[in-house]
Amino acid sequence: MNLFTDIGHLVAGAIAQLQSKGTLPDGLDLGPVTVEPPRDPLHGDMATNAAMVLAKPAKMKPRDIAEALAPLLAEDDRITTAEVAGPGFLNLRLAPSVWQDLAKDVIAKGSAYGRSGMGQGKRVNVEYVSANPTGPMHVGHARGAIVGDATASLLAYAGYDVTREYYINDGGAQVDVLARSVYLRYLEAHDLSVDWPEGSYPGDYLIDVGEALKAKVGDKYLEAEESEWLEEVRTFATDAMMDLIRTDLASLGVVMDHFFSEKSLYDTGLIEKAIEELRDKGLIYRGTLEPPKGKTPEDWEPREQTLFKSTDYGDDVDRPIKKSDGSWTYFAPDIAYHYDKVSRGYDMLIDIFGADHGGYVKRMKAAVSALSESRVPLDIKLIQLVKLFKNGQPFKMSKRAGTFVTLRDVVEMVGSDAARFHMLTRKSDAALDFDFDKVKEQSKENPVFYVQYASARISSVLRKAAEAGIDCTDDTLRAADLSGLTHDLEIALAKKVAEWPRLVEIAARTHEPHRIAFYLFELASDLHTLWNAGNDDTSLRFLQEHDPAATQAKIALARAVSVVISGGLGILGVTPATEMR
RNA sequence: GCACCCAUAGCUCAGCUGGAUAGAGUGUCGCCCUCCGAAGGCGAAGGUCGUAGGUUCGAAUCCUACUGGGUGCGCCA
């Protein structure tokens with residue numbers, strides 16, 4: 001249920017009537033017709049641009065179309081006035097009962113209110129985090145994890161069939177470095193002293209892994225050549241790192257549906273298969289790239305390589321898929337991985353990357369377009385960096401100084417709920433300030449607190465009503481008479497609730513979960529405003545001790561708000577508060 | 001040199017497939033808040049939407065050029 005689409009259908013019906021009467025020509029595209037809340041409340045409750053966007057194709061003046069539509073719309077019970085305004089807007093005012101009764105519908109729908117069928121069950125793969133399995137995740141990974149997870153939840157809420165996926169970079173040189181580092185810890189576990197070469201991973205987190213390796217293989221590899229132990233240690237080490245990562249993710253409430261191993265691509269020959277697919281399309285060739293202008297690397301020399309003709313699909317230059325020693329570049333398994341995703345039948349792919357991977361966007365999109373015959377859209381979201389603050393002061397991360405902030409540190413310091421909400425209060429492509437003190441602050445400045453406080457207040461008033469012996473169960477509330485909700489603040493709150501399904505669709509269409517966070521803040525703000533008004537005007541208080549009917553009406557509205565807050569926080573992966581401590 | 005992202009109130013940021021007088025928080029200023037619904041409330045001021053063009057009935061939004069900041073640019077994944 002979505003009031004805006006309901007009224008949109010009404011507008012479409014009115015247009016059809018005019019067409020059958022010959023006032024408007026047939027065959028008009030209604031796609032650009034919108035029904036939305038006007039920015040200025042003085043313009044009514046909803047406005048449609050129908051007359052303006054149909055003017056040109058219908059070869060009529062916008063105001064003439066609007067004048068013809070207005071009386072037809074006004075016939076509907078829900079609409080009290082339909083006025084032509086400005087260049088041809090049609091401003092609609094809805095009957096108070098529409099807003100009042102909305103609360104009952106919301107309560108009846110419960111957690112289904114706001115869910116949308118726009119996804120039509122289409123299958124979407126959201127790939128996120130995909131941190132190298134070489135150590136614990138840091139705070140930057142946390143943002144990617146949270147944005148990816150919320151995006152996945154958002155799309156599921158909007159009716160898509162969503163898979164949450166993690167690409168394990170376990171096929172490259174860095175996991176060999178990991179294996180060698182673990183081997184050194186293994187030697188240490190046998191009380192041998194070791195030298196740590198440049199570029200290894202000397203972090204403490206590998207000590208346990210070395211011990212565990214010792215427990216598993218004993219002294220088998222103490223005197224062995226690297227070629228004998230490398231593969232087993234590598235597998236052992238990456239498994240251990242993935243356990244670590246899974247645990248870290250779980251502490252944020254992030255649970256993946258599927259982990260995909262880069263290494264498996266080499267083992268199964270999928271890379272060759274994907275490249276063959278491209279070759280069949282004539283997109284693979286031997287050639288020599290121009291050096292980048294302005295900044296030629298010192299050791300540049302022209303070299304013939306195997307290239308993917310990504311320029312056919314909008315990239316700036318063609319991209320190498322093989323190194324000069326004949327092995328694959330990083331891009332090749334990535335092509336194969338996305339080829340696999342396309343082969344698995346997804347209708348849409350979403351990748352959540354760090355901003356430092358911005359240069360890969362065009363080539364990945366080119367590869368997916370080529371491999372899917374442009375059937376599968378790929379949206380890549382770049383996550384900008386997180387700037388840490390403590391007491392308002394910038395907080396630099398440094399491994400050496402011991403100020404390296406891990407994902408787990410963040411969860412332990414501020415909690416999963418606050419971390420998640422805060423990371424979603426910014427567009428993902430804008431840098432985010434994360435101040436440990438502000439995120440924990442209990443004030444209006446902190447949207448996490450403000451939204452949770454709203455849900456806590458509603459829980460509180462429900463408890464109080466029960467104590468006062470007023471029946472406020474959902475079954476009772478959805479049958480209540482809400483015609484007493486006439487105050488501007490009450491109607492305004494109901495209107496905000498009415499916007500929820502519309503907002504979900506906008507956020508889902510744009511793949512931007514931060515819109516949910518902003519909406520929830522506004523909704524909470526409207527609730528607090530009404531609540532505060534109850535301080536001066538007791539008739540606005542939700543709990544009217546001696547008037548059960550009025551209490552039920554007011555609480556029905558509050559309950560509808562809490563339904564939306566729960567649904568919205570659910571998308572963000574944040575638990576609604578029932579009380580504040 | 002090229003590509004991508006960003007630029008909106010003093011500060012931090014929203015702003016819908018282009019829509020009417022561009023919003024919020026914070027800060028500033030004024031008023032209120034001794035107890036009941038608490039971690040404040042009400043109101044005011046504050047803008048050439050980076051600059052210059054273009055498309056359009058209509059542009060913060062789309063296009064072009066420029067300025068400033070970030071990221072990246074063949075055998076690193």
Side-chain angles (χ1 to χ4, degrees), chain A residues 31-32 34 36-40 42-43 47-49 52-53 55-56 61-62 85-89 91 132 134 169 171-175 177 262 288-297 299-303 305 307 315-320 322-331 333-334 354-362 380 382 384-385 425-433 435 438 441-447 449-450 453 457 460-461 464 499 502-503 505-507 509-510 512 514-515 517-519 521-522 525 528-529 531-536 538 540-543 580-581:
Chain A
T34 60
E36 36 189 70
R39 209 156 33 197
D40 187 341
L42 291 176
H43 293 136
T48 178
N49 61 357
M52 285 181 290
V53 297
K56 192 170 274 183
K61 288 182 187 165
F89 281 105
N91 289 333
N132 289 345
T134 54
N169 289 114
Q174 83 283 7
V175 286
V177 175
E262 176 194 356
T288 308
L289 291 175
E290 297 284 315
K293 292 205 169 57
K295 192 202 123 194
T296 307
D299 58 347
W300 174 269
E301 49 185 274
R303 223 169 248 148
Q305 328 174 259
L307 299 167
D315 201 358
D316 308 304
V317 290
D318 294 337
R319 305 292 176 177
K322 272 192 176 177
K323 302 176 191 172
S324 54
D325 67 0
S327 63
W328 300 113
T329 63
Y330 174 72
F331 187 37
D334 250 357
D356 54 342
H357 286 65
Y360 286 81
V361 170
K362 283 188 178 181
I380 300 181
L382 296 178
Q384 278 294 344
L385 60 131
T425 54
R426 205 105 308 173
K427 276 188 296 208
S428 58
D429 52 13
L432 170 90
D433 290 350
D435 188 314
K438 283 190 180 163
E441 192 172 282
Q442 303 214 330
S443 78
K444 189 177 182 179
E445 279 183 67
N446 185 352
F449 167 79
Y450 208 55
Y453 188 21
R457 275 182 157 171
S460 159
V461 80
K464 290 257 177 65
E499 281 182 39
R502 184 171 177 276
L503 190 103
E505 295 199 348
I506 292 170
R509 188 175 65 233
T510 52
E512 291 180 343
H514 76 276
R515 292 173 188 272
F518 278 93
Y519 168 83
F521 181 78
E522 290 169 13
S525 180
H528 289 310
T529 299
W531 182 286
N532 291 329
N535 286 332
D536 294 332
T538 55
L540 288 177
R541 297 189 176 192
F542 289 97
L543 189 59
M580 305 306 287
R581 291 165 189 259

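Chain A is the first sequence line, chain B the second, and so forth, proteins listed ahead of strands; every chain is numbered from 1. What's counted below: heavy atoms across the whole structure, side chains too, no hydrogens, waters or symmetry copies.
- Of the C1' atoms belonging to B/rC42 and B/rA59, the separation is 36 Å, rounded to the nearest Å.
- Counting any heavy atom pair closer than 4.0 Å across all strands shown, A/L543 reaches a base atom.
- Nearest-nucleotide assignment on RNA chain B puts the 5′-proximal partner with A/T34, out of A/T34 and A/L540.
- Nucleotides B/rG47 and B/rC11 have their C1' atoms positioned 15 Å apart, rounded to a whole Å.
- Of the C1' atoms belonging to B/rU28 and B/rG69, the separation is 28 Å, rounded to the nearest Å.
- Nearest to the side chain of A/D429, among B/rC16, B/rA20, B/rC5, sits B/rC5.
- Across all strands shown, A/P87 has heavy atoms under 4.0 Å from base atoms, whether or not it also approaches the sugar-phosphate.
- A cation-pi arrangement is absent between A/K323 and A/W328, since the terminal nitrogen or guanidinium carbon is not both under 6.0 Å from the aromatic centre and inside a 45° cone about the axis.
- Dashed line: the shortest gap from a side-chain N or O of A/K444 to OP1 or OP2 of B/rG40 is not under 4.0 Å.
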Practice prompt. Kindly determine whether A/L307 and A/L289 satisfy side-chain contact (heavy atoms from CB on, under 4.5 Å), including the steps that lead there.
Written response: CA-CA 9 Å; A/L307 299 167; A/L289 291 175; 4.0 Å; yes
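- The nucleotide B/rA39 finds no pairing partner, because no Watson-Crick or G-U wobble arrangement with both distances shorter than 3.5 Å includes it.
- Proximity note for A/Q305 (side chain, C-beta onward) versus B/rA39, B/rG74, B/rG41: the nearest is B/rG74.
- OP1 or OP2 of B/rC4 has at least one side-chain nitrogen or oxygen of A/K362 nearer than 4.0 Å.
- Comparing B/rC57, B/rG40, B/rU71 by their nearest atom to the side chain of A/S443 picks out B/rG40.
- The aromatic ring of A/F89 sits over the base of B/rA20, with ring centres less than 5.5 Å apart and planes tilted by under 30°.
- Among the nucleotides B/rC5, B/rA39, B/rG19, the one closest to any side-chain atom of A/V53 is B/rG19.
- Note on A/E522: nothing from the nucleic acid sits closer than 4.0 angstrom, heavy atoms only.
- Side-chain atoms of A/N91 and base atoms of B/rA20 include a donor and an acceptor less than 3.5 Å apart.
- Residue contacts shown for A/K464 are absent, as no nucleic acid heavy atom lies under 4.0 Å away.
- Figure legend: cation-pi geometry between A/R457 and A/Y453, with NZ or CZ positioned under 6.0 Å from the six-membered ring centre and within 45° of its axis.
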Practice prompt. Check the pair A/D334 / A/T329 against side-chain contact (heavy atoms from CB on, under 4.5 Å), numbers first and verdict last.
Written response: CA-CA 9 Å; A/D334 250 357; A/T329 63; over 6 Å; no
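- Between A/R319 and the phosphate of B/rC73, there is no side-chain N or O to OP1/OP2 separation shorter than 4.0 Å.
- The gap from the P atom of B/rC31 to that of B/rA20 amounts to 36 Å, rounded to the nearest Å.
- Residue A/H357 places no side-chain N or O under 4.0 Å from the OP1 or OP2 atom of B/rC73.
- Residue A/A85 is classed as a base contact, given a heavy-atom separation below 4.0 Å to a base.
- Residue contacts for A/A533: at a heavy-atom cut-off of 4.0 Å it reaches no nucleic acid atom on any strand shown.
- Closest to the side chain of A/Y453, out of B/rA38, B/rC16, B/rG19, is B/rA38.
- Base engagement by A/E301 is indicated by at least one non-hydrogen atom pair under 4.0 Å involving a base atom.
- When distances run from any side-chain atom of A/F449 to the nucleotides B/rC4, B/rG25, B/rA39, the shortest one goes to B/rA39.
- Among the atoms of the strands shown, only primed sugar atoms or phosphate atoms (P, OP1, OP2) are found under 4.0 Å from some heavy atom of A/K56.
- B/rG70 and B/rC16 have their P atoms separated by 27 Å, with the value rounded to a whole Å.
- Between the side chain of A/R502 and the base of B/rC16, a donor-acceptor pair under 3.5 Å is found.
- Note on A/R426: only backbone sugar-phosphate atoms sit closer than 4.0 angstrom, heavy atoms only; bases stay farther off.
- Nearest-nucleotide assignment on RNA chain B puts the 5′-proximal partner with A/F518, out of A/N535 and A/F518.
- Residue A/Y450 has its side chain nearest to B/rG41 when only B/rG41, B/rC76, B/rA39 are considered.
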